[in-house]
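Written out below as structure tokens is the structure these notes cover.
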2 protein chains.
Amino acid sequence: MTALPGAGEEAATPQLTREALVTAALRILERDGVNGLSMRRLAAELGVKAASLYWHVRNKEQLLDLLTDALMADAVPPPRRGSWRDQLREYGLRHRSHLLGRRDAAKVVAGRLAPGPHLLRLMEDQLDRLREAGFSDADAAQINYLLGAYVHGFVLQEITPLSAAEAAGTGRAEVARAAGDQLRGLPADRYPNLVDLADDLTTPTMDERFAFGLERLLDGLAVLLEQARAAAPEAADPEQEPTHE
Amino acid sequence: MTALPGAGEEAATPQLTREALVTAALRILERDGVNGLSMRRLAAELGVKAASLYWHVRNKEQLLDLLTDALMADAVPPPRRGSWRDQLREYGLRHRSHLLGRRDAAKVVAGRLAPGPHLLRLMEDQLDRLREAGFSDADAAQINYLLGAYVHGFVLQEITPLSAAEAAGTGRAEVARAAGDQLRGLPADRYPNLVDLADDLTTPTMDERFAFGLERLLDGLAVLLEQARAAAPEAADPEQEPTHE
DNA sequence: GACTCTCCCTAACGGTGTTAGGTGGCCCGG
DNA sequence: CCGGGCCACCTAACACCGTTAGGGAGAGTC
């Protein structure tokens, strides 16, 4: 019915392609979230039956791998200006807001190995900046993983209750207030600190929490860099040479 | 058939209880992983049909909430000896190995709000140590969340490909080597750093990666503490009083 | 003895990922 | 011009999943 060639439709390539699968999947993901993305719905979106998808894709897992790379396609690294610290902070902030920007992206990406070409380009770029900042090869590699893990982990952590709350129809301000009330209602003899710090524990927004952790991480990296510079002061910083001993 | 009281079986309390559900669920989780834990299998484990579970539990989500708290039941905080830094490090290490110790615990726990009493006790204890170390209330609250998010996020990140690899029947050493080979095989003109650092990127174990990140975090916290001490040197450290102005 | 409440049952609904096997149309060799 | 083969889709089915409606046995209470 839909497949018969009408006046002058696309008779040349009316077929599904792997790319068509992915872009349709992206559309469904944005519209219905990761729970709404089933093989049957994806097939329906393409005017096709579910079994047909398996001609183009081995299974759903592989589709999600492709989707992961597609989600990373339009992530842009920050401008190459400012200190290494500014650049890394911007990296983290952008990475997080990129993941938060497309619905359930973090859930799809979560822990998926086999990084696609787009993620590889970001890694390549970040490693370059880390080495240029003066980190050792081993440290640069570790830091590269660390920052990715921090961002992914944090976002994953914040996204799950977020979607649970919106499923229940409650705003995040209400959730925070409810959490505060719960903490304040605890027995003060068994949980004195939780009761005492109920406000401090519940008022920070996720943005602030993320920024706080990121800043601590950057402080730690600065310490590492200083230590490395102090231990081996020959590299690229020819100011003085304390060659005693 | 199974329910008829025989010679002298348990005629007193042959009923399911919520606790029985949870311990059976823990058993299934350990044996079959989170994907093997369905309401039907849980019911079968208890010699009962699936619909019966809904008498004791609202839905699967609530069961997972209960399971989350049960998974945290036997987590013990580190001894209260050594510097705040030693204690926090030990906290992180224990928390991670606790999650890794029971199968798929991280996947169940992931981002589940409504922390149970066991998790609350850990929070309470950690907050107490943070305040004692000299962190401000606001900082202590932030740090408490940060450390939890780091551990949870990291473990979640590492657990997913781990189970994927073991499903494929490959050891983690093979995975690392395969990743290294993939990186080395990249075009060196487009990905010079990835090719160059292929070894550094793939040799660290997850233990080392976690410890590295944790140490950077602790360094960052130390910086924060020093800054706070320098800005307001009146608190609990009565050595001298620079009361000029 | 009747009533109620607890607790488990059967049956079913509407979903899920995935596979086996069929089938129409197209291109290519003869 | 005709037949084989392959591509790309189809139908049908399997074995699951979470969840609900409604039934019914048994115990406890008035």
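What you see below is based on every heavy atom in this structure, not just the backbone, and it leaves out hydrogens, waters and symmetry mates.
- Residue side chain Arg40(B) reaches the base of dG18(D) through a donor-acceptor N/O pair under 3.5 Å, judged by distance alone.
- For the pair Leu53(A) CG and dT18(C) P, the computed distance is 11 Å after rounding to whole Å.
- With a 6.0 Å cutoff to the six-membered ring centre and a 45° limit on the axis angle, Arg121(A) counts as a cation-pi contact of Tyr191(B).
- Distance, Trp55(B) CH2 to dT6(C) P: 6 Å, rounded to whole Å.
- Salt-bridge check for Asp32(A) with Arg103(A): failed, with every basic side-chain N at 4.0 Å or more from each acidic carboxylate O.
- In the displayed structure, Glu19(A) atom CD is contacted under 6.0 Å by at most 12 heavy atoms of other residues, nucleotides or ligands.
- With dC7(D), dT16(C), dG18(D) as the choices, the nucleotide that has an atom nearest any side-chain atom of Met39(B) turns out to be dG18(D).
- The distance between atom NZ of Lys60(A) and atom P of dG17(C), rounded to the nearest whole Å, is 4 Å.
- A salt bridge is defined here as a Lys NZ or Arg NE, NH1 or NH2 lying under 4.0 Å from an Asp or Glu carboxylate O, and Glu124(A) with Arg190(B) fails to meet this definition.
- His56(A) has a side-chain polar atom (N or O) that falls below the 4.0 Å cut-off from OP1 or OP2 of dC9(D).
- When each of dC8(C), dC9(C), dT19(C) is scored by its nearest atom to the side-chain atoms of Lys49(B), the top-ranked nucleotide is dC9(C).
- Whole-Å rounding puts the Leu64(B) CG to dC17(D) C1' distance at 14 Å.
- Rounded to whole Å, atom C1' of dG17(C) lies 15 Å from atom CG of Asn35(A).
- Within the nucleic acid shown, Ser52(B) comes within 4.0 Å of at least one base atom, counting heavy atoms only.
- Atom CG in Leu42(A) sits roughly 13 Å away from atom C1' in dG17(C) (whole-Å rounding).
- For Arg89(B) and Glu215(B), the salt-bridge test passes: some basic side-chain N is under 4.0 Å from an acidic carboxylate O.
- Between the CZ atom of Arg41(A) and the P atom of dG15(C) there is a distance of 9 Å, rounded to whole Å.
- The side chain of Val48(A) has dC10(D) as its nearest neighbour among dC17(D), dA21(D), dC10(D).
- Side-chain contact annotation: Asp74(A) with His118(A), donor-acceptor N/O pair under 3.5 Å absent.
- For the helix from dG1(C)-dC30(D) to dG30(C)-dC1(D), the end axes, each set by the C1' atoms of five terminal pairs, are bent relative to each other by 20° (nearest 10°).
- Ion pair Arg27(B)/Glu45(B) flagged as a salt bridge, since at least one NZ, NE, NH1 or NH2 atom sits closer than 4.0 Å to an Asp/Glu carboxylate oxygen.
- Computed from coordinates, the Tyr54(B) OH to dG18(D) P distance equals 6 Å when rounded to whole Å.
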